[in-house]
Amino acid sequence: MHAYRTHTCGELRAGDVGMPARLSGWVHRKRDHGNLLFVDLRDNYGLTQCVIAAGSAHFKTVESLRLETVVTVSGQVVARAPSAINPKLATGEIEIAVDEITVLSTAEPPPLQVNSEADFPEETRLRYRFLDLRREPLHQHILLRSRVIASIRRRMIAAGFTEFQTPILTSSSPEGARDYLVPSRLHPGKFYALPQAPQQFKQLLMVAGFDRYFQIAPCFRDEDGRADRSPGEFYQLDLEMSFVTQEDVFAALEPIMHGVFAEFRPEAAVTPAPFPRIPYDEALAKYGTDKPDLRNPLVIDDATEIFRGAGFAVFAAAIEQGALVRALRAPGAAAQPRSFFDKLNQWARDEGAPGLGYVTLAEGGARGPIAKFLDAPRLARLRQATGATDGDAVFFVADKRAAADKLAGKARVKLGEELGRVETNAFRFCWITDFPMYERDEETGKIDFSHNPFSMPQGGLEALETRDPLTIKAYQYDIVCNGVELSSGAIRNHRPDIMYKAFGIAGYSREHVEAHFGGMLNAFKYGAPPHGGSAPGIDRIVMLIAGVSNIREVIAFPMNQQAQDLMMGAPAPVPPERLRELHIRVVLPEGDRMVDSKTGNDRR
RNA sequence: GGGCUCGUGGUGCAGCCUGGUUAGCACACUGGACUGUCAAUCCAGAGGUCGCGGGUUCAAGUCCCGUCGAGCCCGCCA
């Protein structure tokens with residue numbers, strides 16, 4: 001018999017009754033009846049009830065076992081009496097009659113209870129991550145993550161992609177985030193950067209003629225965390241293809257995304273390919289965001305002209321100042337009580353807006369505080385513009401374009417939820433296309449890239465030479481699911497001449513481009529295929545599939561929001577000799593001090 | 001860097017608004033009882049710098065100020 005186990009804790013069934021068996025695992029729970037003792041033994045695969053009676057030589061041992069002790073039990077598989085069958089357990093028809101028990105590893109009382117569904121503080125969960133990972137929800141999420149990645153990998157290979165590895169120690173890349181830096185021992189004063197994404201390497205692999213690249217790629221960005229953004233590192237399904245148009249990239253990725261979501265959430269509705277394509281400008285106008293949640297059926301319409309010259313002084317004045325009026329049809333909301341509208345108005349004020357105008361439609365007319373400013377022709381145009389009919393309400397936001405879009409977008413989300421119109425158990429994908437190539441920095445007034453500077457401008461060199469840069473679109477696209485930005489991607493600029501020009505418009509000299517992106521630029525001078533790709537975030541995909549709202553629920557060993565690993569104690573100081581070796585001298589900020597994070601006491 | 005919320009035995013919460021006996025409940029822990037439970041049950045016990053510092057007060061877990069920590073958000077993240 002094997003030293004540790006003949007079966008796993010999730011394996012034995014009624015058909016195994018009468019067999020000898022040996023199981024190893026953790027003591028999940030005990031039920032002590034004095035002369036009869038039940039132990040639920042747990043491993044990765046499940047739970048098996050083990051039973052021992054007072055006559056046994058091992059009874060005292062088992063009775064004294066603490067929860068989470070690791071043991072090996074041997075005995076006979078026995079059938080449970082019909083009344084004692086536990087239908088909640090896969091192994092519920094049997095139990096192990098324990099003859100022998102060996103303690104493999106004792107356990108102190110754990111700081112978080114593995115067998116409990118109780119909430120524990122995030123700090124404790126992170127510090128004792130190995131215990132939290134034993135618990136059912138997190139354990140299952142991590143297994144799900146593995147299966148999702150395996151499925152993605154299988155689908156990518158089946159679609160003709162080749163998997164690569166690219167360097168972790170590299171130089172700074174063109175993404176806009178802060179780099180993690182690694183000092184060089186051999187080159188004093190110089191630093192490696194951890195890749196924010198393998199962007200340049202995958203493009204170089206295209207130049208090298210590999211045609212279709214993918215990687216489950218670690219990406220490192222030194223930016224602050226959010227519930228859906230792990231500080232430090234995250235994973236992307238990074239892919240790149242040669243000799244492709246934007247539509248080719250979409251056609252490659254759509255079946256993979258659809259397939260993975262449909263595979264792991266078979267009960268949910270998943271957008272079939274082709275996913276809707278929504279130009280960036282249209283997304284802002286209709287949804288007030290570049291990452292619309294299409295489970296919400298509400299759309300924003302423009303009502304600027306309807307209010308221009310109307311008697312409502314607040315809007316009319318704003319329109320004269322260049323503001324837009326956005327209208328949001330709320331189907332069936334006319335029946336809502338006054339408090340509903342007051343509550344939304346208060347919500348808008350909390351969002352920093354003056355308020356939220358509205359009318360309700362009934363019997364061919366309109367009611368509400370500003371209804372009197374809309375005469376019959378204007379009302380008819382409003383009904384036409386929004387599709388609103390009797391029984392509906394229409395909400396209004398008036399502000400400069402960006403602010404109006406933003407508030408209308410938030411109101412769309414809020415109203416969709418309040419009215420219960422948001423689809424559940426569905427994954428609604430779309431592509432957001434035609435992102436602007438450039439934008440004007442609000443503070444400096446300077447023109448800069450609005451996204452990846454390596455994207456191909458639509459219209460190519462001619463557009464760069466002849467058009468107002470702010471009107472030029474890029475072959476740049478995002479994939480969005482349920483309001484979550486899963487990835488961005490682009491058809492790349494593979495032409496050095498267009499690249500120099502594109503960077504020139506953003507104020508970067510030829511020398512700057514060569515100094516920073518010389519490796520890739522040089523490669524493009526030796527025959528580069530047109531290419532493009534995308535990089536959906538793995539962690540967010542798993543989050544969506546698992547139905548959780550915090551990214552740490554799908555990462556085995558995440559850092560906290562302050563980018564600390566509480567279990568491993570990272571980041572940590574290093575001995576002076578290590579710093580000397582790296583030619584580093586630490587200059588702490590003024591007034592910095594050591595504080596004991598547990599007690600809050602200064603330790604100066 | 002900023003905003004909001006939170007911080008009470010190992011853990012989850014109550015107590016705070018309205019200051020006043022030994023800070024209460026549940027889970028875990030320790031001991032005892034119990035031969036069919038499966039969140040076993042019952043009895044008993046131990047366990048608390050109320051994050052930290054200062055202030056107001058006869059009296060502070062409770063009120064005030066500061067500070068530290070955590071989460072969420074803004075900034076940031078193409």
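Note on naming: letters A, B, ... go to the chains in the order of the sequence lines (proteins, then strands), and numbering restarts at 1 for each one. These numbers come from the heavy atoms of this one structure, side chains and all, not from hydrogens, waters or symmetry mates.
Here the side chains of A:E514 and A:L521 are in contact, with some heavy-atom distance below 4.5 Å. Side-chain contact between A:V27 and A:E68 is absent, with no heavy atoms from C-beta onward closer than 4.5 Å. Inter-residue side-chain proximity for A:R552 and A:H141 is flagged as unmet; no heavy-atom pair is nearer than 4.5 Å.
Across A:M543 and A:N550, no two heavy atoms sit closer than the pair CE-N, 3.8 Å.
Atom name P, nucleotides B:G24 and B:G15: the rounded distance is 15 Å, in whole Å. Nucleotides B:A28 and B:U67 place their C1' atoms 33 Å apart, quoted to the nearest Å. Taking atom C1' in both B:C65 and B:C72, the straight-line distance is 26 Å, to the nearest Å. With C1' as the reference atom, B:G47 and B:U8 are 14 Å apart, rounded to whole Å. B:A23 and B:C50 have their P atoms separated by 11 Å, with the value rounded to a whole Å. With C1' as the reference atom, B:G9 and B:A26 are 13 Å apart, rounded to whole Å. Comparing the C1' positions of B:G3 and B:G45 gives an interatomic distance of 47 Å, to the nearest angstrom. Atom name C1', nucleotides B:U49 and B:C38: the rounded distance is 41 Å, in whole Å.
Phosphate proximity of B:C72 to A:R226: absent, as no side-chain N or O sits under 4.0 Å from OP1 or OP2. Applying the 4.0 Å criterion to OP1 and OP2 of B:A70, one finds that A:Q564 has a side-chain N or O inside that range. The side chain of A:N115 places no N or O atom within less than 4.0 Å of a non-bridging phosphate oxygen (OP1 or OP2) of B:A28. Distances shorter than 4.0 Å separate some side-chain N or O of A:Q562 from OP1 or OP2 on B:A70. Using a 4.0 Å cut-off, no side-chain N or O of A:N86 falls inside it from OP1 or OP2 of B:C38. A sub-4.0 Å separation between OP1 or OP2 of B:C38 and a side-chain N or O of A:K30 is absent. Proximity of A:R31 to the phosphate of B:U37: no side-chain N or O atom is located under 4.0 Å from OP1 or OP2.
Within 4.0 Å (heavy atoms only), A:D228 reaches no atom of the nucleic acid at all. Among the heavy atoms of the strands, none lies under 4.0 Å from A:A118. Within the 4.0 angstrom heavy-atom criterion, only backbone atoms of the sugar-phosphate kind lie near A:R552; the bases stay farther away. Across all strands shown, A:S116 has no heavy atoms under 4.0 Å from either base or sugar-phosphate atoms. Here A:E95 lies in heavy-atom contact (under 4.0 Å) with a base. Within the 4.0 angstrom heavy-atom criterion, only backbone atoms of the sugar-phosphate kind lie near A:D119; the bases stay farther away.
Residue A:K88 has its side chain nearest to B:A39 when only B:A39, B:G36, B:C73 are considered. For A:E223, the listed nucleotide lying nearest its side chain is B:C76; candidates were B:C76, B:G75, B:C73. Listed candidates were B:G71, B:C34, B:G69. Nearest to the side chain of A:D32 is B:C34. Set against B:U30, B:G36, B:C76, the side chain of A:R66 has B:U30 as its closest nucleotide. Closest approach to the A:L36 side chain among B:G75, B:G71, B:G36 is made by B:G36 (side chain taken as heavy atoms from C-beta onward).
Distance CD (A:E123) to P (B:G12): 11 Å, rounded to an integer number of Å. Nucleotide B:C77 holds its P atom 15 Å from the OH atom of A:Y180, rounded to whole Å. Per the geometry, NZ belonging to A:K60 stands 11 Å off C1' belonging to B:G32, to the nearest Å. For the pair A:L37 CG and B:U37 C1', the computed distance is 10 Å after rounding to whole Å. Rounded to a whole Å, the CG atom of A:L67 is 14 Å from the P atom of B:C27. B:U11 atom C1' lies 13 Å from atom CG of A:L131, rounded to whole Å. One atom, CG of A:D224, and another, P of B:G71, lie 12 Å apart when rounded to the nearest Å.
Salt bridge status for A:K473 with A:D434: absent, with no side-chain N to carboxylate O gap under 4.0 Å. Look at A:R229 and A:E223 and you find no salt bridge, because none of the NZ, NE, NH1 or NH2 atoms lies under 4.0 Å from a carboxylate O.
Under 3.5 Å, the side chain of A:R80 and the base of B:U37 form at least one donor-acceptor pair of N or O atoms. Contact of A:R29 with B:C38 (side chain to base): no donor-acceptor pair of N or O atoms is detected under 3.5 Å. Donor-acceptor pairing under 3.5 Å, judged by distance alone, is absent between the side chain of A:N560 and the base of B:G71. A donor N or O paired with an acceptor N or O is not found under 3.5 Å between the base of B:C76 and the side-chain atoms of A:R221.
Across the strands present, B:U41 finds its partner in B:A33; the criterion is a Watson-Crick or G-U wobble pair with both atom distances under 3.5 angstrom. Here B:A26 sits opposite B:U11 as a Watson-Crick or G-U wobble pair (both hydrogen-bonding atom distances under 3.5 Å). The nucleotide B:G1 finds its pairing partner in B:C74, both defining distances of the Watson-Crick or G-U wobble pair being shorter than 3.5 Å. Across every strand in view, B:G66 sits in a pair with B:C52 that passes the Watson-Crick or G-U test at under 3.5 angstrom. Pairing of B:A60, defined by two Watson-Crick or G-U wobble distances under 3.5 Å, is not identified with any nucleotide.
Toward the 5' end of RNA chain B, the nearer of the two residues A:G92 and A:K406, judged by each one's closest nucleotide, is A:G92.
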Tabulate protein N/O versus nucleotide N/O from nucleotides 5-10 of chain B, keeping only pairs under 3.5 Å, one per line.
none

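Remark: ring of A:H33 overlaps the six-membered base ring of B:A40 in a stacked fashion, centroids less than 5.5 Å apart, planes less than 30° apart.
Between A:F250 and A:Y477, the angle of the ring planes goes over 60°, which puts this pair in the perpendicular group of the 30/60° scheme.
Between the side chain of A:N115 and the backbone N or O of A:H28, at least one donor-acceptor pair lies under 3.5 Å.
Ring to ring, A:H494 and A:F454 are not that close: their centroids are 6.0 angstrom or more apart.
Of the N and O atoms on the side chains of A:S534 and A:S487, at least one donor lies less than 3.5 Å from an acceptor on the other residue. With 3.5 Å as the limit, one finds a donor-acceptor pair spanning the side chains of A:Q215 and A:Y213.
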